[in-house]
Amino acid sequence: MKKTILSFALFAIAIISSTHTFAQKFPRLDVSPLDAATYPSDWRNSDKLVKVIYGRPQLKGRALSSLAVVSEKGVWRTGANEASEITFFKDVLFAGEQVKAGTYTLFTIPGDKEWTVILSAVRNVWGHYTYDKKDDVLRVAGKVSESEKIIEAFSIVFNEEKEDVITMYLGWGNTVVSVSLQEDLDSED
């Protein structure tokens, strides 16, 4: 009986001490966390038109012009880490161009007066290193303006400017890029 109790006690101690061996290891908090912007932004409204998932790099006292956000191909992943992905839940007019409902990778080519905003068919990519122009679904011009205040963390927001016309704003540093979009009511499903 003493042997059974001793064996059981040793077995219980082995089980308890081994849980640390199999404990999960969670990564540290990312310095450029993922975020999402939607339209409409109200969480209670599930009838969304668009959603963007993107990483949020921060300036940390640096000038935006000093950062090497653009690859040797001239393309930026439009955020940090994984390339940003934009999902249109309905057919839309993106800067006046027809785009079918679906998920696309959002790349940009920064410029002084306008940015080229690219929707790519390739998805689930890290960075912009595998970007290839042949995968472009659409390229449109994004209008550049200057913000009054410095935007520390790269941010994307959607605002309804007039009825049924939404503007997507990309902001970082003192640069704001805008692209219009609206539901394509004339599309054929």
Side-chain angles (χ1 to χ4, degrees), residues 30 32-41 43 45-57 64 67-145 151 153-161 164-173 175-189:
D30 194 322
S32 299
L34 281 177
D35 201 356
T38 62
Y39 185 84
S41 61
W43 61 272
N45 184 343
S46 62
D47 187 25
K48 303 291 187 199
L49 177 64
V50 61
K51 176 169 120 178
V52 178
I53 298 175
Y54 64 103
R56 298 192 70 190
L64 182 57
L67 301 177
V69 295
V70 179
S71 73
E72 64 282 346
K73 298 176 185 178
V75 175
W76 182 40
R77 68 184 105 192
T78 317
N81 305 326
E82 294 87 5
S84 297
E85 288 190 349
I86 186 167
T87 300
F88 300 109
F89 297 100
K90 302 171 183 173
D91 293 349
V92 297
L93 296 174
F94 189 68
E97 300 291 329
Q98 290 183 320
V99 178
K100 291 289 183 194
T103 300
Y104 305 90
T105 297
L106 179 66
F107 292 110
T108 49
I109 301 174
D112 293 332
K113 296 186 178 164
E114 73 176 24
W115 284 26
T116 302
V117 180
I118 304 166
L119 300 181
S120 174
V122 175
R123 297 189 329 229
N124 195 27
V125 296
W126 199 95
H128 47 244
Y129 307 107
T130 59
Y131 170 79
D132 193 329
K133 188 175 180 175
K134 73 174 176 52
D135 299 316
D136 289 1
V137 172
L138 179 69
R139 283 179 170 229
V140 297
K143 180 182 159 194
V144 174
S145 60
I151 303 164
F154 174 70
S155 300
I156 299 176
V157 296
F158 295 96
N159 288 333
E160 185 172 7
E161 302 301 323
D164 298 328
V165 178
I166 296 94
T167 302
M168 177 177 73
Y169 292 98
L170 313 174
W172 200 18
T175 301
V176 176
V177 178
S178 57
V179 179
S180 68
L181 67 114
Q182 65 189 94
E183 184 176 352
D184 186 0
L185 299 174
D186 296 330
S187 71
E188 296 177 11
D189 291 330

Handout entry: Minimum side-chain heavy-atom gap Tyr131-Arg77 below 4.5 Å
Key =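 No, their side chains stay 4.5 Å or more apart.
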
Handout entry: Contact check, side chains of Asp47 and Lys90, non-hydrogen atoms, under 4.5 Å
Key =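 Yes, their side chains come closer than 4.5 Å.
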
Measure the spacing between [atom1] of [X] and [atom2] of [Y] and express it to the nearest 0.5 Å.
{"X": "Asp164", "Y": "Leu93", "atom1": "CG", "atom2": "CG", "answer": "11.0 Å"}
{"X": "Trp43", "Y": "Lys48", "atom1": "CH2", "atom2": "NZ", "answer": "10.0 Å"}
{"X": "Arg139", "Y": "Ile118", "atom1": "CZ", "atom2": "CD1", "answer": "4.0 Å"}
{"X": "Leu49", "Y": "Asp184", "atom1": "CG", "atom2": "CG", "answer": "10.5 Å"}
{"X": "Leu170", "Y": "Leu106", "atom1": "CG", "atom2": "CG", "answer": "6.5 Å"}
{"X": "Tyr39", "Y": "Met168", "atom1": "OH", "atom2": "CE", "answer": "14.5 Å"}

Practice task
Kindly assign one of parallel, tilted or perpendicular to the pair Trp76 and Trp172, based on the angle between their ring planes and the thresholds 30° and 60°.
Solution key: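 The rings of Trp76 and Trp172 lie parallel, inter-plane angle below 30°.
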
Problem - Phe107 and its side-chain contact (heavy atoms from CB on, under 4.5 Å) partner, picked from Asp136, Val125, Asp135, Val122 - result: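 Among Asp136, Val125, Asp135, Val122, the one meeting side-chain contact (heavy atoms from CB on, under 4.5 Å) with Phe107 is Val125.
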
Exercise for the section: Look at the side chain of Asp91 and the backbone N and O of Lys100, then say whether any donor-acceptor pair between them is shorter than 3.5 Å. Expected result: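 Judged by distance alone, no pair lies under 3.5 Å.
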
Problem - Check: Glu161 main-chain N/O paired with Asn159 side-chain donor or acceptor under 3.5 Å - result: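 No; judged by distance alone, with no hydrogens or angles, the pair does not exist.
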
Closest non-hydrogen atom pair, [X] against [Y]:
{"X": "Lys51", "Y": "Thr38", "answer": "CG-CG2, 3.6 Å"}
{"X": "Ala83", "Y": "Thr105", "answer": "CB-CG2, 3.5 Å"}
{"X": "Ile156", "Y": "Ala37", "answer": "O-CB, 3.2 Å"}
{"X": "Pro57", "Y": "Gly79", "answer": "CD-C, 3.8 Å"}

Handout entry: Exceeds 12 heavy-atom contacts within 6.0 angstrom, atom CG of Asn124
Key =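 12 or below, so no.
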
Exercise for the section: Test Thr78 against Thr108 for side-chain hydrogen bond (donor to acceptor under 3.5 Å, both in side chains), laying out the working first. Expected result: CA-CA 6 Å; Thr78 317; Thr108 49; 3.0 Å; yes

Handout entry: Donor-acceptor pair between Ser155 and Arg56 side chains, under 3.5 angstrom
Key =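 Note: Ser155 and Arg56 side chains meet the donor-acceptor criterion.
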
